[in-house]
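Written out below as C-alpha cells is the structure these notes cover.
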Number of protein chains: 2
Amino acid sequence: MQKNNVNSEEYKKLNEARDLIINAMAETMDFYGVTPSTGRLYGTMFFLEKPMTLDEMAKAMGMSKTSMSNTARTLLEKKVVEKVWQKGVRKDLYQAEQDFFKTFAEFFCHGWRREMEVNLKAINKAEPIIKELAESDDEQVREAAQKDLKKLENAKKYYLWLEQLVEAVETGKIYEFIPKPEESE
Amino acid sequence: MQKNNVNSEEYKKLNEARDLIINAMAETMDFYGVTPSTGRLYGTMFFLEKPMTLDEMAKAMGMSKTSMSNTARTLLEKKVVEKVWQKGVRKDLYQAEQDFFKTFAEFFCHGWRREMEVNLKAINKAEPIIKELAESDDEQVREAAQKDLKKLENAKKYYLWLEQLVEAVETGKIYEFIPKPEESE
DNA sequence: ATTTACGTACAGTTTAAACTGTACGTTCTT
DNA sequence: AAGAACGTACAGTTTAAACTGTACGTAAAT
C-alpha cells in the first residue's frame, strides 16, 4: 500500500484523487453490463502504468485470485483490457486499454452486431411463415399477419441502418462526421 | 389463449412465428440491461396492436401482476413502452414503442449522457488535486500525477466527442451522415 | 357512504449471480 | 525426473436479484 522511498502523504492524496475517478467508472460501467467491482478493477488498471498480474489485482482489490481470474476474463472479453507478454515473466499480465475511442467502438459494435445477427436470423425464420399466413382465407389471421410483416420490414430497415453505423464506427469513418478533438500526446 | 370465431390452427402458427422473434428479442435485450422476461414482455407488446393492461400482461406471461407492474415500470424508464390513456378505461394501459430508431436514440443517449455526467463530475473534483501534486518536489509523485493528468485530458476529449455524438443522435443529424432506409408506411 | 377495482409497497421465498478456498492440470525451473 | 509456480475448474457459501401473495391506499362506481 505504501512505497518505500516516497512521500507517502502525497501518494495517499494522489490515490484518493484517483479513487474519485475509479468510483465514477465503477458506477457508470453498469451500462457496459459489468458489476461495480469489475469496473473498479478496470479503473485501477487504467491508472496503473505497468501491466498487472492476478496476484497484484487480488492484493489491490482485496479479493481472491479466483475472482480476479474471472473478472480479468470478463474485461478481456469486453476488450477493455489486453493480455500482454513480457520476456521472462511467467505470470499472465493484463493491461488496461487507454484509448476510450477504441473501447467504445469495440464494445458497442460487438453488442450491436450480436443484436443484428440474432434478430435477423429469427426474422428470416419467421418471415416465410408469416408471409404464408398473410394469404390466409381467415380475415383476422390475414390482417394480423400483414401487420406483422410490416413490423418485420421496419425492423430490417433499422438493422440495415445499424449495420451502416457499426461499419462507420469500426472503420473510423464516423470521425469524418464527428471529428475527434485532436490528440495531445 | 384461443379466440372465438377464428381459425385457431393458423393463429397458433402465427404465434409460433412471433415467438421466434420474441425469443430473439428477449435474448438480445440483455445488452439493454434487462432480464429475458422483461425482453419477452416487450416483444409481446411489440406484436400486440392494442395497448395492454397489467392483468393482460400477467395472463400472457404467466406471471404475477406485481411482477408485471415492476417490469412495465422498467420498460417505461427505458422509454421502450409508453403509458397511454383511453377514455372510460380505469386500468393503466401500456403500449410498445414501434420505432426502433427512437428506442435506439432514447436508450443509448440516456446511457452515454449519464456516463459523461458522472465521470466528468469526478474528473472535475479530482483534477485540481492532481494538478497540485503534479508540482510536487517528490519526483515519483510528480511524474505519476503528470501521467494522470494526461489520462484525464484524454478522457475529457473522449467525452467531448461523445457529447457531439449524443447530440447528433438526439437531433437526428446523424441521419444526414447515415441515412435511414426510406420508410414503408 | 359503501363497495369494488386498481396499482403498488412490503415481506417472504425462490433463483441466480458474485465471491471464496481447495484441488488439480500444466508449464517452467532446477 | 522432481519440485515449484501458475491459472482455473469445481464445489460451496454468501449476497443480491427476480418473483409471488397479501395487504393497503387511492379513486372510481353504485
Side-chain angles (χ1 to χ4, degrees), chain A residues 22-23 25-45 48 50-78 80-96 111, chain B residues 22-23 25-45 50-78 80-96:
Chain A
I22 292 172
N23 285 334
M25 282 174 152
E27 187 187 335
T28 54
M29 278 182 74
D30 69 338
F31 191 55
Y32 297 83
V34 301
T35 59
S37 63
T38 305
R40 283 197 65 79
L41 179 60
Y42 172 70
T44 305
M45 293 174 72
L48 199 72
K50 355 167 270 180
M52 233 176 161
T53 69
L54 291 179
D55 287 312
E56 288 167 343
M57 293 180 206
K59 200 181 169 195
M61 309 294 296
M63 289 175 73
S64 72
K65 198 175 174 183
T66 304
S67 280
M68 293 305 98
S69 176
N70 286 324
T71 307
R73 189 163 43 75
T74 302
L75 290 172
L76 212 54
E77 280 163 7
K78 305 257 175 196
V80 298
V81 308
E82 52 179 9
K83 238 175 181 165
V84 300
W85 184 87
Q86 273 180 17
K87 197 174 79 177
V89 177
R90 272 177 71 182
K91 305 191 181 198
D92 290 357
L93 293 170
Y94 296 88
Q95 184 159 259
Chain B
I22 291 171
N23 286 333
M25 282 174 152
E27 188 188 334
T28 54
M29 277 183 76
D30 69 339
F31 191 55
Y32 297 83
V34 301
T35 59
S37 64
T38 304
R40 284 196 65 81
L41 179 59
Y42 173 70
T44 305
M45 291 174 74
K50 354 167 270 181
M52 232 176 162
T53 67
L54 292 179
D55 287 312
E56 287 168 345
M57 293 179 206
K59 200 182 169 195
M61 308 296 294
M63 288 174 74
S64 73
K65 199 176 173 181
T66 303
S67 280
M68 294 304 98
S69 175
N70 285 325
T71 308
R73 189 164 43 74
T74 302
L75 291 171
L76 212 53
E77 280 162 6
K78 305 257 176 197
V80 296
V81 307
E82 51 179 9
K83 237 174 181 167
V84 299
W85 185 86
Q86 272 179 17
K87 198 174 79 177
V89 177
R90 273 177 69 183
K91 305 192 182 195
D92 291 357
L93 294 170
Y94 296 87
Q95 185 160 257

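All chains are named by letter (A, B, ...) in the order of the sequence lines, taking the proteins before the strands, and each is independently numbered beginning at 1. Nothing here was measured: the structure is a model prediction, and the numbers come from that model.
Side chain of A:Lys83 to main chain of A:Asp92: no donor-acceptor pair is present (N/O by atom type, distance under 3.5 Å, no hydrogens or angles). At distances below 3.5 Å, not a single donor-acceptor pair connects side-chain atoms of A:Ser69 with backbone N or O atoms of A:Lys65. Within the 3.5 Å criterion, the main-chain N or O of A:Thr74 finds no donor-acceptor partner in the side chain of A:Glu77.
As rounded to whole Å, 8 Å separates atom C1' of D:dC6 from atom CG of A:Asp55. Here D:dC6 presents its C1' atom at 11 Å from OH of A:Tyr94, a figure rounded to the nearest Å. Straight-line distance from the CG atom of A:Leu54 to the C1' atom of D:dG7: 7 Å, rounded to whole Å.
The nearest pair of heavy atoms linking A:Val81 to A:Ala72 is CG2-O, 4.1 Å. Counting all heavy atoms, side chain and backbone alike, A:Val34 lies closest to A:Gly39 at CG2-N, 4.2 Å. Between A:Thr44 and A:Ala60, the closest heavy-atom pair is CG2-CB, 4.5 Å.
Expressed to the nearest 0.5 Å, how far CG of B:Leu41 lies from CE of B:Met63 amounts to 8.5 Å.
Checking B:Thr38 against B:Thr35 by side-chain atom types alone, a donor-acceptor pair falls below 3.5 Å.
If A:Ser37 and A:Gly88 are placed on DNA chain C by their nearest nucleotide, the residue sitting closer to the 5' end is A:Ser37.
Chain B approaches DNA chain C over the interval C:dA5 to C:dC10, counting the first and last nucleotide 5' to 3' with an atom under 4.0 Å from its heavy atoms.
Taking a 4.0 Å limit (strictly below) on heavy-atom distances, residues 64-73 of chain A reaches DNA chain C at A:Ser64, A:Thr66, A:Ser67.
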